[in-house]
Amino acid sequence: MSAHAAPSPAPGPPPTDPVKVMASWAYLRVLLLCVVLGVPIALACFFFVALQQALADAVWQSLPRQLGYGRAPWWWPLPTLMLAGLILAPIVTRMPGRGGHLPVKGLGGPPIGPRELPGVALSAVATLPLGVVLGPEAPLMALGSGLALLAVHRLRMRADPLAGAILATAGSTAAISTIFGGPLVAAVLVLESAVIAGMPQIFLRLLPCLLASAAGALVFTGFGDWTGLRTGALGLPTVPPDVRPDAGDFLWGIPVAVVIAVLVVLARKVGSLTAAWTSRRTARRTVICAFAVGCCLTSYALLTGRSPMEAALSGQRALGLLAADPAQWPVDALVAMLLCKGLAWGLCLGAMRGGPIFPSIMLGATAALICNSLPGFGTTPALACGMAAAAGAVTGLPLSSSLLGALVLGGDSHRQTPLMVTAAVVAVVVARILQGRARRPAQEGGAR
């Protein structure tokens, strides 16, 4: 058998010199546009998040009280999640963009165009407050990139693909900086994702992302103080006592990070199976999956006697309550939270629309606190380890996950940083190994 040399690839255009591009008037115009666009994108995201938070409060607190309940009763998630499925079904089957990408596929998909914006916004605002176990980060990124591309179309910049890509990335960064409390975490998350994906011109995208997210975060914070509206930014209102991790925390933290990575991979497997199942007869099966999520949340309330709201939604509020007073959560309630919310999260990953990060942080903290009774494993190190490991396993981004953990812990983050970095790296490596092994048999089966 003779061997044939592979043909040499056709010569492509010479690589762009970043220094020359940065010195050009076109790039300076893009930088100015990023600052200008960061303001309206932040305002749009402000009202988007504020409306979503107000609707969630109305569904899970005000309405039960008006009906004579002190809190949401155990059966409350059944009608709310059924309604979420009924609302989402026509969006994913008939509207352009199908309401956004499936969260099991990652934090964000390709930039959306102006035609897809209404479906993404409607699916998030109308379904997430009803108890869907997903966060707002993915819809915010989609809205930010969509609004930026809308500006590109209006300004007739479609002939410059690099400018369009930079503005779309900057729009996404400006959008999610509003819930991450500042530009650094948002910029690092977007750019670390770009580095792993092999996206070209990384350095040229850095400055626009930072400028847009800084302008957006500044406007978002100032407007929030002026209006007094709650937007539920990521962070703990009360942090645990500050302690320095010792050798015992690291000895327990590494295997706990491995366990959390395994649990995240299992939940993503549930999401992949759910996505495959809902790819046919999508409308009907989306409603069925939404009702199944409601059953998971109801099971948590029945098993623990606690409010189903603790297991519903993205978990930001429940995480604050958990961190403020872990002693109020017995181990059986934490186990029920991990199982019921974890299964609900897996179903939502494959059938609903939203972001995967916020619920994973809550589940990671829950799993770590279950192990908190182990000798030598402190409460604050357990929280830090669990949140960073879960975020790392979901995103595959160890640096961004460590920064997220530091953002959530606030004043306690400095001492916990080495443990968070270690947990995030371990979780990323374990998750990638497990996902690679899961893909290999599928590829071999397809080859046959």
Side-chain angles (χ1 to χ4, degrees), residues 33-56 87-88 91-92 95-103 105-129 132 134-155 164-181 183 185-187 189-190 193 205 208-209 211-221 223-224 229 231-234 314 316 352-358:
L33 277 175
C34 287
V35 176
V36 174
L37 288 177
V39 175
I41 288 175
L43 289 176
C45 292
F46 175 87
F47 286 109
F48 173 84
V49 177
L51 175 60
Q52 179 188 315
Q53 186 66 52
L55 290 174
I87 293 173
L88 185 62
I91 296 176
V92 299
M95 292 191 71
R98 300 172 61 87
H101 82 294
L102 281 172
K105 297 181 180 179
L107 178 59
I112 63 171
R115 292 182 66 250
E116 290 81 16
L117 272 175
V120 172
L122 181 60
S123 65
V125 170
T127 64
L128 290 181
V132 174
L134 292 170
E137 62 274 15
L140 279 175
M141 291 183 68
L143 288 174
S145 65
L147 291 173
L149 288 179
L150 179 61
V152 169
H153 283 264
R154 294 295 184 186
L155 296 173
I166 289 175
L167 286 172
T169 306
S172 296
T173 314
I176 58 173
S177 69
T178 58
I179 55 173
F180 288 151
V185 176
L189 189 144
V190 172
S193 302
R205 298 171 191 247
C209 285
L211 286 175
S213 58
L218 179 63
V219 171
F220 192 88
T221 303
F223 208 71
L229 295 174
T231 54
L234 185 63
S314 65
Q316 291 172 255
M352 310 303 285
R353 298 299 186 271
I357 295 181
F358 283 24

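Just so we're clear, the structure is a prediction, and the values are computed from it rather than from any experiment.
Screening Val132, Val92, Leu134 against Arg353 for a side chain to side chain contact (heavy atoms under 4.5 Å, CB included) leaves a single residue, Val92.
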Result block: side-chain N/O donor-acceptor pairs under 3.5 angstrom for residues 36-51, not counting sequence neighbours:
none

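Contact check for Leu128 versus Met352: no side-chain heavy atoms found under the 4.5 Å cut-off.
Across Ala124 and Pro129, no two heavy atoms sit closer than the pair O-CD, 3.5 Å. Closest heavy-atom contact between Gly354 and Ala138: O-CB, 3.4 Å. Pairing each heavy atom of Pro139 with each of Gly355, the nearest pair is CD-N, 4.0 Å. Looking at every heavy atom in both residues, Pro96 comes nearest to Arg115 through CG-NH2, 3.5 Å.
The side chain to side chain donor-acceptor pair (under 3.5 Å) test applied to Ser123 returns no partner, not counting sequence neighbours. Under the side-chain contact (heavy atoms from CB on, under 4.5 Å) criterion, Leu117 pairs with Ile112, Leu143, Leu147, not counting sequence neighbours.
Separating the CD atom in Glu116 from the NE2 atom in His101 is a distance of 14.0 Å, to the nearest 0.5 Å.
Side-chain N or O atoms of Gln52 include none that pairs as donor or acceptor with a backbone N or O of Pro136 at under 3.5 Å.
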